[in-house]
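Step one of this worksheet: look at the structure below.
Below, read A as the first sequence line, B as the second, and so on, with proteins coming before strands; counting in each chain starts at 1.
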Amino acid sequence: MQVKILDKKSFQQDLLDWYDKEKRDLPWRRETDPYRIWVSEIMLQQTKVDTVIPYYNNFMEKFPTLQDLADADEDKVLKAWEGLGYYSRARNLHTAVKEVRDEYKGKVPDTEEDIKKLQGVGPYTAGAVLSIAYNVPAPAVDGNVMRVLSRLFTIYDDIGKAAAKNKFEQLIREIIAENRASDFNQAVMELGAVICTPTSPACLLCPVQKHCSAKEEGVQDLLPVKAKKKPPRTVHLKALVLQDENDRFLVEKRPDTGLLAKLWQFPYIEAAEETDEDIAAFAAEFGAAVEEEVNYYYDVKHVFSHLVWEIKVYRAEGKVDNIGSHQRLLTKDELKEFTFPVSHQKIMQSLEEE
DNA sequence: AAGACGGGGGT
DNA sequence: ACCCCAGTCTT
């Protein structure tokens with residue numbers, strides 16, 4: 001591969017000098033424990049630093065060591081992840097940490113071969129943990145890195161394609177500062193986060209502007225190239241908030257796999273058509289009398305990356321029976337102990353406004 | 001190679 | 001209302 005950079009040493013020095021001076025003071029940057037680095041990198045997948053910080057701090061308070069997390073109940077782990085999204089990250093991390101406890105004597109693997117075997121550890125996270133925790137010169141290519149490199153070297157490959165990622169990893173292998181792999185990888189990501197931003201990059205403040213091919217050609221706003229995603233499909237739901245005579249609410253645990261696996265929710269049905277009887281029939285299964293017009297209460301809209309939930313919420317009070325084994329009746333206080341997706345937190349919140 | 005999988009921010 | 005952000009696993 002042709003590296004069009006003029007002076008590698010000069011580039012590394014300009015980048016690292018800037019990073020040494022300007023790097024943000026982040027909780028996980030005060031840590032050297034590979035377990036803590038690992039947790040931060042899992043949380044940072046698809047998620048902004050500002051969102052992660054409070055979750056990370058709380059998580060470390062609850063599970064200070066790898067052993068603590070490995071020994072914890074899954075429900076507690078999910079509760080600590082509540083609202084962060086992509087809950088398979090939490091389940092996979094929990095599985096992987098138990099694997100490290102049992103198969104690696106509690107020490108996070110420091111080789112690419114071993115660390116990649118862990119659930120939820122893909123090419124990015126493997127490189128990030130190896131470089132940041134162990135200073136191994138492995139590439140850690142995330143969206144920030146692809147954006148920075150696509151501009152530095154005017155690469156017009158679609159960064160959504162798998163082939164492009166290999167190209168960027170190879171590029172990092174060629175330009176990484178071998179003895180400062182941790183700082184180098186973090187510096188590139190930091191540059192992408194605070195200077196080389198998706199829109200309106202701050203080129204005038206950029207420490208490596210003089211090495212940047214896109215800036216030289218004035219095409220920084222055209223990069224990176226990325227195919228547009230399809231709009232999410234809309235699913236119509238009717239959710240049922242049943243409150244029994246003891247002011248307990250009917251909730252249920254979602255299946256072990258798929259969307260929002262193992263989280264709790266108010267029972268609902270998919271309503272393909274705007275029919276009137278379906279919610280009544282659904283409620284009748286619990287011995288509750290619900291009518292479309294009488295019990296309709298509230299609308300909740302929730303947007304995921306691949307679908308939209310438009311939820312009509314129905315409320316009813318009275319005796320509740322015929323509870324399934326995955327279902328529970330919980331008081332308002334007890335609801336707080338269970339993990340709900342944000343969409344159903346919105347439903348819960350509507351109960352406070354009366 | 002494409003889709004599933006959450007949630008947040010900016011304008 | 002519309003735009004943007006994007007790792008890993010599964011199919």
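Residue-level contact check: S305(A) touches the bases, meaning some heavy atom is under 4.0 Å from a base atom. Contacts of G160(A) with the nucleic acid, taken as non-hydrogen atoms under 4.0 Å apart, are absent. Y124(A) comes within 4.0 angstrom of sugar-phosphate atoms only, judged by non-hydrogen atoms across all strands, and of no base. Within 4.0 Å (heavy atoms only), R147(A) reaches sugar-phosphate atoms of the nucleic acid but no base atom.
Remark: F59(A) pairs with F63(A), W81(A) by the ring-ring contact (aromatic ring centres under 6.0 Å, His included) rule, at least two apart or across chains. Shown here are the ring-ring contact (aromatic ring centres under 6.0 Å, His included) partners of F282(A), two or more places apart in sequence or in another chain: F286(A). Partners of K336(A) according to the side-chain contact (heavy atoms from CB on, under 4.5 Å) rule, which considers only residues two or more places apart in sequence or in another chain, are D333(A). Taking E82(A) as the reference, K79(A), T339(A), F340(A), Q345(A) meet the side-chain contact (heavy atoms from CB on, under 4.5 Å) condition, with sequence neighbours excluded. In terms of the ring-ring contact (aromatic ring centres under 6.0 Å, His included) criterion, H94(A) has no residue partners (sequence neighbours excluded). In terms of the ring-ring contact (aromatic ring centres under 6.0 Å, His included) criterion, residue partners of W28(A) (sequence neighbours excluded) are, by chain and number, Y56(A).
The partner of dG6(B) is absent, by the rule that a Watson-Crick or G-U pair needs both atom distances under 3.5 Å.
Atoms NZ (K229(A)) and P (dA4(B)) sit 14 Å apart, rounded to a whole Å. Rounding to whole angstrom units, CG of residue L260(A) and C1' of dA4(B) are separated by 12 Å. The distance between atom CG of D158(A) and atom P of dA1(B), rounded to the nearest whole Å, is 11 Å. The interatomic distance linking L307(A) (CG) with dC5(B) (P) rounds to 7 Å, in whole Å. Rounded to whole angstrom, the span from the CD atom of E310(A) across to the C1' atom of dA1(C) amounts to 13 Å. Distance L84(A) CG to dG9(B) C1': 15 Å, rounded to the nearest Å. One can place CZ of R91(A) at 16 Å from P of dT8(C), the figure rounded to the nearest angstrom. In this structure, CZ of F304(A) is placed 16 Å from C1' of dG3(B), rounded to the nearest angstrom.
Through direct or indirect side-chain contacts shorter than 4.5 Å among Ile, Leu, Val, Met, Phe, Trp and Tyr, Y156(A) is connected to V219(A), L222(A), L223(A), V225(A). Through chains of ILVMFWY side-chain contacts below 4.5 Å, I132(A) is grouped with I37(A).
With dC4(C), dG7(B), dA1(B) as the candidates, the nucleotide lying closest to the side chain of P341(A) is dG7(B). Listed nucleotides dA1(B), dG7(B), dA4(B) differ in distance to H306(A); the shortest reach to its side chain belongs to dA4(B). Side-chain proximity of K230(A) to dG3(B), dT8(C), dC5(B): nearest is dG3(B).
When side chains are defined from C-beta on, W18(A) counts as touching E190(A), because their heavy atoms get closer than 4.5 Å.
DNA chain B is contacted by both A163(A) and V303(A); A163(A) maps to the nucleotide lying nearer its 5′ end (nearest heavy atom per residue). Each of A126(A) and T199(A) lies near DNA chain C, and the nucleotide nearest T199(A) is the one positioned closer to the 5' end.
Listed in residue order, the members of residues 132-146 of chain A having a heavy atom less than 4.0 Å from DNA chain C are D142(A), G143(A), N144(A). Listed by residue number, Q46(A), T47(A) are the residues of residues 42-51 of chain A with a heavy-atom contact under 4.0 Å to DNA chain B.
The P atoms of dC4(C) and dG6(B) are separated by 22 Å, rounded to the nearest whole Å.
Remark: E22(A) CD is packed, more than 12 non-hydrogen atoms of other residues, nucleotides or ligands lying under 6.0 Å away.
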Using the 3.5 Å cut-off, write out each protein N or O paired with an N or O of nucleotides 9-11 of chain C and the distance between them.
residue, atom, partner, partner atom, Å
dC9(C), OP1, G120(A), N, 2.6

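Taking 4.0 angstrom as the limit, H302(A) places a side-chain polar atom (N or O) nearer than this to OP1 or OP2 of dG7(B). For the OP1/OP2 pair of dA1(B) and a distance below 4.0 Å, the side-chain nitrogens and oxygens of K161(A) include no atom meeting the criterion. OP1 or OP2 of dT8(C) sits under 4.0 Å from a side-chain N or O of T125(A).
With respect to the salt-bridge test (charged N to carboxylate O, under 4.0 angstrom), the residues K319(A) and D321(A) qualify. Using a 4.0 Å cut-off between charged nitrogen and carboxylate oxygen, K253(A) and D75(A) count as a salt-bridge pair.
The list of side chain to side chain donor-acceptor pair (under 3.5 Å) pairs with a residue in residues 259-270 of chain A, not counting sequence neighbours, reads E74(A)-K262(A), E252(A)-Q265(A), R254(A)-Q265(A), R254(A)-Y268(A).
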